[in-house]
Amino acid sequence: MPELPEVENVVRSLAPRIVGRGIIEARFLWPRAAQGEPDGMAELLSGRIIRGVRRLGKHILIDLDVGLIDIHLRMTGKLLFGEPGPYARAVLQLDNGTLVFDDVRQFGYLVWRAADPPAGRDALAATADEFIMLVRARRGRIKPLLLNQSVIAGLGNIYVDEALFRAGIHPLAHGLSRKRLERLYQAISAVLSEAIDAGGSSISNYVDAEGRRGSFQRQHRVYGRESEPCLTCKKPIRRIVVSQRGTHYCPRCQRP
DNA sequence: ATTACTACCTGACAGC
DNA sequence: TGCTGTCAGGTAGTAA
């Protein structure tokens, strides 16, 4: 579920409670959350000191005195303080409390790594020139390209649809001009920073590490608005499938 | 390089 | 109340 703005809010809510703390013990309640190495991971994590926490694309990276923890929430992962519930997959006992990795669908993971995971250029960190170069080096349709984390990291289904709408670009467009890519870059930067400021989008169950929901879902212009009137031209928003993902766009405002 | 399809999972919701 | 099918903020693997 979480994309860049949600992960950013998780990181910000995590920082004041975990940076500088020690990890007393790590327990994996679901071995696959440790990518099949629960004992080894628990061993590597216990006794470590947390030096910092940051975001890379959709990854949460917790820097330790030795290596780091790489957490990916995938669709339903959450990090929460407090007692583990029925969907707890891993528990970090810190010297000041308990951090629980919760994940209904069990797609996410929490693993120790010696160094950062591979990732494309972070969508918020990229400059306009970098963004344009990266996109122009590829041939395919714009939506699948923006979803490809090894090119630009952080965008997911909601924010791609929202950014393409704001830029007036059809999700299947390709070979875009420099001018249209500049407009797309501005749209991406704007939608991501507005969403971060709104605490992210909580459509069903996203919450940050303090359990707070976001409110950006109220500012979605196309995502989840199939058949509703376009906020610009009143034409009904259309839903198609692109890359096996529900894709929302305005057939009048977004031309190929 | 790009696309298409399957798989990993559970839960919410619509329609019968 | 079921039951069935569809959908979901993601990504890996495999094949064409």
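The structure displayed is predicted, hence computed values, not measured ones. What you see below is based on every heavy atom in this structure, not just the backbone, and it leaves out hydrogens, waters and symmetry mates. Convention: sequence-line order gives letters A, B, ...; per-chain numbering from 1.
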**Report entry** 5′-ward residue of the pair A:Asn148/A:Gln244 relative to DNA chain B
**Finding:**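 By nearest-heavy-atom nucleotide position, the 5'-most residue is A:Asn148.
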Query raised in the report: Which heavy-atom pair separates A:Gly47 from A:Asp65 by the least distance, and what is that distance?
Result: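 Taking A:Gly47 first and A:Asp65 second, the nearest heavy atoms are O-OD2, 4.5 Å.
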Check whether any side-chain N or O of [X] sits under 4.0 Å from OP1 or OP2 of [N], and answer yes or no.
{"X": "A:Arg239", "N": "C:dA8", "value": "yes"}
{"X": "A:Arg141", "N": "B:dT3", "value": "yes"}
{"X": "A:Gln149", "N": "C:dG10", "value": "no"}
{"X": "A:His72", "N": "C:dT11", "value": "yes"}
{"X": "A:Tyr206", "N": "C:dA8", "value": "no"}

Base, sugar-phosphate alone, or nothing: which one does [X] contact when heavy atoms must sit under 4.0 Å apart?
{"X": "A:Ser204", "answer": "base"}
{"X": "A:Tyr87", "answer": "sugar-phosphate"}
{"X": "A:Ser202", "answer": "base"}
{"X": "A:Asn205", "answer": "base"}

Query raised in the report: Hey, does the side-chain of A:Arg105 have a donor or acceptor N/O within less than 3.5 Å of a partner on the base of C:dA8?
Result: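 Donor-acceptor pair under 3.5 Å: yes.
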Query raised in the report: Does a salt bridge link A:Arg166 with A:Glu162, judged by any charged N lying under 4.0 Å from a carboxylate O?
Result: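 No, this pair does not count.
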Query raised in the report: Below 4.0 angstrom, N of the basic side chain to O of the carboxylate: do A:Arg55 and A:Asp122 qualify?
Result: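 A:Asp122 and A:Arg55: salt-bridged.
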**Report entry** CG on A:Leu99 to CD1 on A:Ile18, rounded to 0.5 Å
**Finding:**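 Spacing of CD1 (A:Ile18) from CG (A:Leu99) equals 6.5 Å.
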Query raised in the report: Looking at A:Ile188, A:Leu134, A:Leu147, which hits side chain to side chain contact (heavy atoms under 4.5 Å, CB included) with A:Ile152?
Result: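 For A:Ile152, the side chain to side chain contact (heavy atoms under 4.5 Å, CB included) check succeeds only for A:Leu134.
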Just how far, in rounded Å, is [atom2] of [N] from [atom1] of [X]?
{"X": "A:Leu147", "N": "B:dA4", "atom1": "CG", "atom2": "P", "value": "14 Å"}
{"X": "A:Asp102", "N": "B:dG11", "atom1": "CG", "atom2": "P", "value": "12 Å"}
{"X": "A:Arg74", "N": "B:dA7", "atom1": "CZ", "atom2": "C1'", "value": "12 Å"}
{"X": "A:Glu226", "N": "C:dA8", "atom1": "CD", "atom2": "C1'", "value": "14 Å"}
{"X": "A:Leu146", "N": "C:dG10", "atom1": "CG", "atom2": "P", "value": "13 Å"}

Query - Rounded P spacing from C:dT6 to B:dC5 in Å - result: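 The answer is 15 Å between these two P atoms.
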Requested in this report: Check whether the aromatic ring of A:Phe107 stacks on the base of C:dT11, taking stacking as ring centres less than 5.5 Å apart and planes within 30° of each other.
Outcome: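 Whether judged by distance or by angle, A:Phe107 falls short somewhere, so it does not stack on the base of C:dT11.
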